[in-house]
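Data first, discussion second: the structure below is written as structure tokens.
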Number of protein chains: 4
Amino acid sequence: MGGTGAGGARRGRRYDPERRTRILDAALDVIAEHGTAGTTHRTIAARADVPLGSVTYHFASLADLLAQAFARYVELQSATFEKLFEDVATPEQFVEVVVDLVCGGPARHRSAVLGFELHLAALRDPGLRVLTQAWTWQSRAVLARFTGPDTAARLDALLEGMIMHALLAAEPESREATRAAIVQTLGPAHLEGDRHARARGI
Amino acid sequence: MGGTGAGGARRGRRYDPERRTRILDAALDVIAEHGTAGTTHRTIAARADVPLGSVTYHFASLADLLAQAFARYVELQSATFEKLFEDVATPEQFVEVVVDLVCGGPARHRSAVLGFELHLAALRDPGLRVLTQAWTWQSRAVLARFTGPDTAARLDALLEGMIMHALLAAEPESREATRAAIVQTLGPAHLEGDRHARARGI
Amino acid sequence: MGGTGAGGARRGRRYDPERRTRILDAALDVIAEHGTAGTTHRTIAARADVPLGSVTYHFASLADLLAQAFARYVELQSATFEKLFEDVATPEQFVEVVVDLVCGGPARHRSAVLGFELHLAALRDPGLRVLTQAWTWQSRAVLARFTGPDTAARLDALLEGMIMHALLAAEPESREATRAAIVQTLGPAHLEGDRHARARGI
Amino acid sequence: MGGTGAGGARRGRRYDPERRTRILDAALDVIAEHGTAGTTHRTIAARADVPLGSVTYHFASLADLLAQAFARYVELQSATFEKLFEDVATPEQFVEVVVDLVCGGPARHRSAVLGFELHLAALRDPGLRVLTQAWTWQSRAVLARFTGPDTAARLDALLEGMIMHALLAAEPESREATRAAIVQTLGPAHLEGDRHARARGI
DNA sequence: TATGAATGAGCATTCATTCAT
DNA sequence: GATGAATGAATGCTCATTCAT
């Protein structure tokens with residue numbers, strides 16, 4: 001009916017300091033589920049369990065909201081990425097974490113889809129490229145600590161392609177094949193440890 | 001406005017046997033320009049210079065039209081891809097053609113964008129995955145003639161990622177860096193010719 | 001796609017002298033099923049297993065087609081009505097036939113619905129009133145042979161209302177209640193036979 | 001044309017608390033005039049002198065709007081019907097009021113047409129039958145106060161048929177003929193007063 | 001500050017009808 | 001004669017955004 005939208009105990013939610021954040025997270029959920037195109041004020045409001053007016057009140061426009069949602073995604077994702085490699089001590093561990101990144105099933109589905117949605121959106125809206133570029137740099141920087149800058153760039157691209165293929169493939173690639181591709185890209189020197197030693201030295 | 005839509009001498013254009021194809025090509029243009037989300041019956045009709053009713057007459061739904069447009073894209077793109085490698089005789093030529101693929105500026109922009117739009121669309125609509133899978137297999141098959149199947153799969157993923165990065169990068173990667181990444185993925189044996197010789201033997 | 005509509009062995013159906021009639025009958029089917037409003041050239045064509053162009057070719061307009069279909073309905077229905085009472089010899093038989101008319105389950109559903117659709121259509125389109133009036137006169141004439149003209153008119157109206165209620169009622173009225181209402185409307189003299197004897201004398 | 005739709009000083013009409021009701025009444029006007037089939041969001045909006053978006057804002061779908069309009073009709077009509085018989089004290093008055101119901105010219109035209117439109121609509125949409133059934137029960141209850149339940153049901157059906165015939169007839173039936181039919185259906189006892197006396201006793 | 005009523009632009013889709021073949 | 005491609009006008013509906021409260 002007329003815009004009532006989400007039901008539930010919304011009464012008394014005034015003074016909700018985290019409302020903005022909650023809307024952004026809801027927006028990311030909706031984007032992951034319905035695509036950027038299927039993301040509307042109304043869907044977001046319903047997902048966040050917030051009145052429609054609240055969404056338009058806190059964000060100047062839908063484009064603005066999406067941009068901020070993607071910014072939040074990059075921020076959260078970067079932190080997650082960073083943390084993934086925090087405890088990596090050996091080249092073998094590094095490879096395993098990277099393999100997990102590609103093979104990591106439905107757990108990583110949401111973030112992978114969001115990543116591609118962001119890339120596509122940035123293709124159309126140059127204003128979003130600061131986000132994709134920041135994200136790329138940050139990813140490469142993390143990887144570079146273990147591989148050096150050139151290999152990091154290559155690995156980053158390879159991962160991008162492999163993750164997309166993994167999302168679309170009828171049946172998942174085997175971990176072994178994935179590992180082989182990664183190891184090959186890292187180059188023969190990687191597992192000999194010297195490069196890794198240098199990385200730890202940084 | 002008001003239904004007349006596209007201008008031009010459209011009177012008497014009846015019985016246009018290639019209209020369907022023209023609409024599909026127009027749809028691909030529009031997708032490349034405005035994204036799948038921005039692709040509407042009206043935009044397509046204007047681009048194809050046909051009345052709105054003509055677009056809905058020839059295709060049962062917009063989703064159907066998009067699916068057929070993407071199918072046409074895969075078909076055309078596969079043929080183009082095939083032809084690109086037709087005259088490749090040496091490993092060096094192979095590498096150059098692949099580097100062109102990544103660096104190939106605005107000329108390749110349209111088809112690259114369309115490829116990613118298709119990937120994203122397939123992520124949302126499983127019915128489109130027959131297209132992405134067919135396309136992936138075909139690409140790998142072409143590459144595999146020069147690299148063997150495993151390396152082909154890796155190279156394919158790497159190219160996917162590099163092309164996306166190239167599309168989004170503020171300034172294009174140098175051809176040298178691109179070539180280095182590719183050569184590294186092909187493996188040291190590639191340029192020594194034996195692998196290529198084997199490929200030619202197939 | 002695009003208007004092909006009905007499938008099947010339509011090839012070679014040229015020179016189909018009954019096509020007009022078949023289209024009209026299909027139209028009546030569609031009206032009964034989807035209502036006058038839901039009746040389109042395309043639905044009719046599909047139902048009649050005839051190309052779309054054939055429907056517009058044989059009838060100047062949809063309104064014209066509907067008018068002719070309703071005319072056919074009145075014609076067929078009048079004949080059926082006539083025949084229903086053909087073998088009625090006693091007042092008791094007369095009452096039973098009339099009760100059947102009201103209680104006659106799904107068998108009579110189609111014709112009853114069509115009757116009301118025609119009434120409603122005639123309310124909007126005065127051109128159709130020649131049909132409803134002819135139908136009313138004919139029905140009354142048949143009934144009057146057993147009841148006299150005044151009672152026939154009353155009975156006709158009563159039947160109209162009872163049939164509509166029967167169509168809409170959650171559970172059907174009992175035959176007994178229906179019979180009682182009819183008998184009461186016929187008047188006490190009816191079953192005494194003298195009136196009926198007079199009717200047979202006509 | 002082009003979205004502006006109805007003319008008039010509509011600027012500043014915001015916050016119109018009775019808008020919903022006004023739209024429903026406009027819908028009933030339109031149904032009476034153009035039939036359920038000819039009732040569109042746009043016609044209703046024009047009739048209610050509200051923008052198109054307002055109609056779709058307040059009602060989830062056109063079917064929903066029509067259902068609510070018909071519900072309002074039944075409600076209003078039931079009240080009117082009730083009031084018609086409020087001051088009836090004698091059997092003679094009762095008969096006159098009922099005769100008025102059938103013969104009541106253009107004044108009753110709108111409500112009669114709406115009644116039949118509702119019946120037809122309920123034939124197609126079972127969801128509307130709660131309305132027709134409620135309406136039937138209520139009508140019978142009012143009549144039964146003067147006639148007893150069985151006669152009330154018969155009279156209700158007779159009235160339904162007579163009103164439809166009156167709407168479609170080229171020239172109106174005479175009051176006398178109408179009265180005769182009603183009196184005959186009420187049965188000989190009615191005007192003798194005993195039945196009515198019983199009714200008053202309730 | 002927060003909200004939901006309000007609105008105009010736009011969209012996918014249907015369809016009666018026209019017309020070249 | 002018959003057909004199906006073609007078309008423009010409508011239709012139901014969605015939605016970003018504005019704004020009175």
Side-chain angles (χ1 to χ4, degrees), chain A residues 1-5 10 13-16 19 38-43 45 50-63 65, chain B residues 1-5 10-17 19-20 39-43 45 50-65, chain C residues 1-5 10 13-16 19 38-43 45 50-63 65, chain D residues 1-5 10-17 19-20 39-43 45 50-65:
Chain A
M1 197 64 39
T4 309
R10 206 189 309 135
R13 282 273 187 76
R14 310 302 183 79
Y15 310 119
D16 180 349
R19 181 161 284 196
T39 301
T40 69
H41 281 129
R42 285 159 176 80
T43 352
V50 147
L52 172 59
S54 192
V55 179
T56 57
Y57 175 73
H58 285 285
F59 300 90
S61 71
L62 185 58
L65 198 170
Chain B
M1 207 52 49
T4 313
R10 206 187 310 130
R11 212 42 51 159
R13 278 267 196 94
R14 308 215 158 183
Y15 281 106
D16 178 350
R19 182 162 285 196
R20 271 184 65 93
T39 301
T40 70
H41 280 126
R42 284 159 175 78
T43 355
V50 297
L52 172 58
S54 193
V55 178
T56 59
Y57 173 74
H58 284 284
F59 300 91
S61 71
L62 185 58
D64 182 47
L65 166 48
Chain C
M1 204 52 46
T4 309
R10 207 190 309 134
R13 281 273 187 78
R14 311 300 183 80
Y15 309 123
D16 179 350
R19 179 160 287 196
T39 301
T40 69
H41 280 128
R42 285 161 175 78
T43 351
V50 146
L52 171 61
S54 193
V55 179
T56 57
Y57 175 73
H58 284 285
F59 299 90
S61 72
L62 185 58
L65 197 172
Chain D
M1 206 55 46
T4 313
R10 206 186 310 129
R11 211 44 47 162
R13 281 263 199 95
R14 305 213 160 185
Y15 280 107
D16 178 350
R19 181 161 285 196
R20 269 185 66 94
T39 302
T40 70
H41 280 128
R42 283 160 178 82
T43 352
V50 298
L52 171 59
S54 194
V55 179
T56 58
Y57 173 74
H58 284 284
F59 300 90
S61 70
L62 184 58
D64 183 46
L65 167 48

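Quick caveat: nothing in here was measured; it's all calculated off a predicted structure. By convention in this document, chain letters (A, B, ...) are assigned in the order of the sequence lines, proteins followed by strands, and residues within each chain are numbered from 1.
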- Query: Closest to the Thr40(D) side chain: dT11(F), dT17(E), dG8(E)?
  - Reply: dT11(F)
- Starting at atom NE2 of His58(B), determine the distance to atom P of dT14(E), rounded to an integer number of angstrom. 16 Å
- Spacing of His41(C) atom NE2 relative to dT18(E) atom C1', expressed in whole Å: 12 Å
- Note on the structure: In this structure, CG of Leu65(B) is separated from CZ of Phe59(B) (nearest 0.5 Å) by 5.0 Å
- How long is the line joining OH of Tyr57(D) and C1' of dT17(F), in whole Å? 13 Å
- Query: So, for Leu52(C) and Ala45(C), which heavy atoms are closest and what is the spacing to 0.1 Å?
  - Reply: CA-CB, 3.9 Å
- Task: Give the rounded distance in Å between these two atoms: CG of Leu52(C) and P of dC19(E).
- Result: 16 Å
- Message: Please convert DNA chain F into dot-bracket. A pair counts if it is Watson-Crick or G-U wobble with both distances under 3.5 Å; crossing pairs go in [ ] and bases paired with another strand get |.
- Response: .||||||||||||||||||||
- Scan Thr39(D) against the nucleic acid and name what it touches under 4.0 Å (heavy atoms): base, sugar-phosphate only, or nothing. sugar-phosphate
- Could you check Gly53(D) against Ser54(C) and say which one's nearest nucleotide on DNA chain F is further toward the 5' end? Ser54(C)
- Query: Which heavy-atom pair separates Leu62(A) from Thr39(A) by the least distance, and what is that distance?
  - Reply: CD2-O, 3.6 Å
- Message: Taking side-chain contact (heavy atoms from CB on, under 4.5 Å) as the definition, give me every residue that meets it alongside Thr56(C), ordered by chain and number, with sequence neighbours left out.
- Response: His41(C)
- Minimal non-hydrogen separation, Thr43(A) against Gly38(A), with atom names: OG1-O, 3.8 Å
- Task: Quickly work out the Arg42(A) CZ to dC13(F) P distance and round it to whole Å.
- Result: 15 Å
- Item | Distance in angstrom units between Phe59(D) CZ and dA5(E) C1', rounded | 13 Å
- Item | Polar pair under 3.5 Å, donor/acceptor by atom type, side chain Arg19(D), base dA5(E) | no
- Note on the structure: Closest heavy-atom pair, Arg20(B) versus His58(B), reported as atoms and distance to 0.1 Å, is NH1-O, 3.1 Å
- Task: Looking at every strand, decide which applies to Thr56(A) at a 4.0 Å heavy-atom threshold: base, sugar-phosphate, or nothing.
- Result: base
- Message: Here's a test of your reading of the structure: between Val55(B) and Ala60(A), which maps to the more 5' nucleotide of DNA chain F?
- Response: Val55(B)
- DNA chain E nearest-nucleotide lookup for Leu62(B) and Ala63(C): closer to the 5′ end is Leu62(B)
